[in-house]
Amino acid sequence: MKIKIRPEKFYHLINHGPCCLVTSGDKETKNIAPIAWLTPLNDEPPLVIICVASTHYTSELINKYNEFVINVPSVELLEVIKFTGKVSGRTIDKFKACKITAVDGIKVDVVHIEECIGFIEAKVIDKKEYEGVNLYVGEVLHCEVEKAFYNNHLLPEKAKTVHHIGGNIFFVSNKKIS
């Protein structure tokens, strides 16, 4: 038996990809925000989409610098994910508060997070606003992942990525099914 859900909750059915930590700004003015609404758009050229509330500090910084980094955390950073989603980077340095390490970007001026298992650097090539949400299309310029978590694809049983399914509910990937 199926049950009805409200149309505005549709994303609960499809939004259980990894919750990532998006860094924005530059080396001096940096911010971290957990973002679960992201998706690959193309592989040639490599394009990625992230969705960010237009009123959030992350949107302000991405609009100013036209770059962002998607950092892929493992379950060990769950508390960082939760904390950085509850406070604004306008009022607190989230890197200091979380005691995590900012590392200079390779092809962008945005820092990435050392403690994450991987990161994707992107420059904004398009932006659209829909009802208070900015959709950013980024061209992927550089990406890296810890060797132990990758073998021609991410190894979910080793990576143990965090997945947000709504509210304060998360699950962890840890089993490969072939």
Side-chain angles (χ1 to χ4, degrees), residues 11 14-74 77-78 80-81 83-85 88-90 93-95 98 100-156 159-164 173:
Y11 61 90
I14 60 174
N15 188 50
H16 45 273
C19 184
C20 294
L21 293 167
V22 170
T23 47
S24 55
D26 64 8
K27 294 170 188 163
E28 301 301 317
T29 307
K30 53 191 177 293
N31 188 50
I32 308 167
I35 303 288
W37 292 10
L38 45 85
T39 189
L41 177 61
N42 198 6
D43 58 358
E44 192 55 44
L47 302 175
V48 64
I49 293 174
I50 63 170
C51 300
V52 183
S54 59
T55 57
H56 286 191
Y57 189 47
T58 297
S59 278
E60 182 180 317
L61 293 175
I62 293 173
N63 290 341
K64 182 175 180 179
Y65 296 102
N66 288 306
E67 297 176 329
F68 59 87
V69 176
I70 299 169
N71 298 272
V72 182
S74 64
L77 293 180
L78 180 59
V80 171
I81 292 169
F83 177 80
T84 57
S88 173
R90 285 186 183 99
D93 182 334
K94 295 180 186 182
F95 283 87
C98 294
I100 54 177
T101 312
V103 178
D104 289 350
I106 307 300
K107 300 223 174 163
V108 297
D109 287 329
V110 182
V111 299
H112 63 270
I113 299 170
E114 176 67 26
E115 292 80 1
C116 284
I117 64 170
F119 64 92
I120 301 164
E121 296 182 348
K123 73 172 181 176
V124 176
I125 62 166
D126 197 14
K127 172 193 153 191
K128 301 283 186 220
E129 184 172 355
Y130 298 95
E131 303 292 326
V133 174
N134 288 329
L135 183 146
Y136 295 99
V137 177
E139 179 182 358
V140 176
L141 302 178
H142 184 82
C143 51
E144 293 183 15
V145 64
E146 292 288 340
K147 185 178 180 178
F149 303 123
Y150 192 82
N151 185 8
N152 295 318
H153 59 81
L154 191 66
L155 302 170
K160 297 185 180 164
T161 53
V162 177
H163 303 260
H164 182 241
S173 68

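- Side chain of Asn71 to backbone of Ile113: a donor-acceptor contact under 3.5 angstrom is found.
- The shortest distance between side-chain heavy atoms of Pro73 and Ile81 falls below 4.5 Å.
- Applying the side chain to side chain donor-acceptor pair (under 3.5 Å) test to every pair with at least one member in residues 44-57, sequence neighbours left out, gives these pairs: Ser54-Glu129.
- For the pair Val111/Val103, no side-chain contact is recorded, criterion being any heavy-atom separation below 4.5 Å from C-beta on.
- At a threshold of 4.5 Å between non-hydrogen side-chain atoms, the residues Thr58 and Phe68 do not count as touching.
- Considering OG1 of Thr23 and CD of Glu67, their distance stands at 10.5 Å, rounded to 0.5 Å.
- The shortest side-chain heavy-atom distance between Ile106 and Glu144 falls under the 4.5 Å cut-off.
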Test side-chain contact (heavy atoms from CB on, under 4.5 Å) on Val162 and Leu77; report intermediate values, then the result. CA-CA 9 Å; Val162 177; Leu77 293 180; over 6 Å; no
Determine whether Ile100 and Ile32 satisfy the following criterion, side-chain contact (heavy atoms from CB on, under 4.5 Å), listing intermediate values before the conclusion. CA-CA 11 Å; Ile100 54 177; Ile32 308 167; 3.3 Å; yes
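- Taking the side-chain contact (heavy atoms from CB on, under 4.5 Å) definition, one finds that Ser74 meets it with Glu76, Ile117, sequence neighbours left out.
- Checked against side-chain contact (heavy atoms from CB on, under 4.5 Å), Tyr150 has the following partners two or more places apart in sequence or in another chain: Val145.
- Contact check for Ile50 versus Ile62: side-chain heavy atoms found under the 4.5 Å cut-off.
- Contacts classified as salt bridge (charged side-chain N to carboxylate O under 4.0 Å, His left out) and involving residues 108-124 (residues at least two apart or in different chains) are given here: Lys123-Glu139.
- When the side chain to side chain donor-acceptor pair (under 3.5 Å) test is applied to Thr84, no partner is found at least two apart in sequence or on another chain.
- The main-chain N or O of His142 is never found under 3.5 Å from a side-chain atom of Lys107 such that the two would form a donor-acceptor pair.
- Annotation: side chain of Val48 is not in contact with side chain of Pro40 (no heavy-atom distance under 4.5 Å).
- For the salt bridge (charged side-chain N to carboxylate O under 4.0 Å, His left out) condition, the pairs that include at least one residue of residues 49-65, sequence neighbours left out, are Glu60-Arg90.
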Assess the residue pair Ile35 and Cys20 against the criterion (side-chain contact (heavy atoms from CB on, under 4.5 Å)); give the C-alpha distance rounded to whole Å, side-chain angles, the decisive distance to 0.1 Å, and a yes or no. CA-CA 5 Å; Ile35 303 288; Cys20 294; 5.5 Å; no
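- You'll find the side chain of Lys127 reaches within 4.5 Å of the side chain of Asn63, heavy atoms only.
- Panel note: side chain Ser59, backbone Ala53; a donor-acceptor pair is recorded below 3.5 Å.
- Classification of the Phe119-His112 ring pair by plane angle, with boundaries at 30° and 60°, yields parallel.
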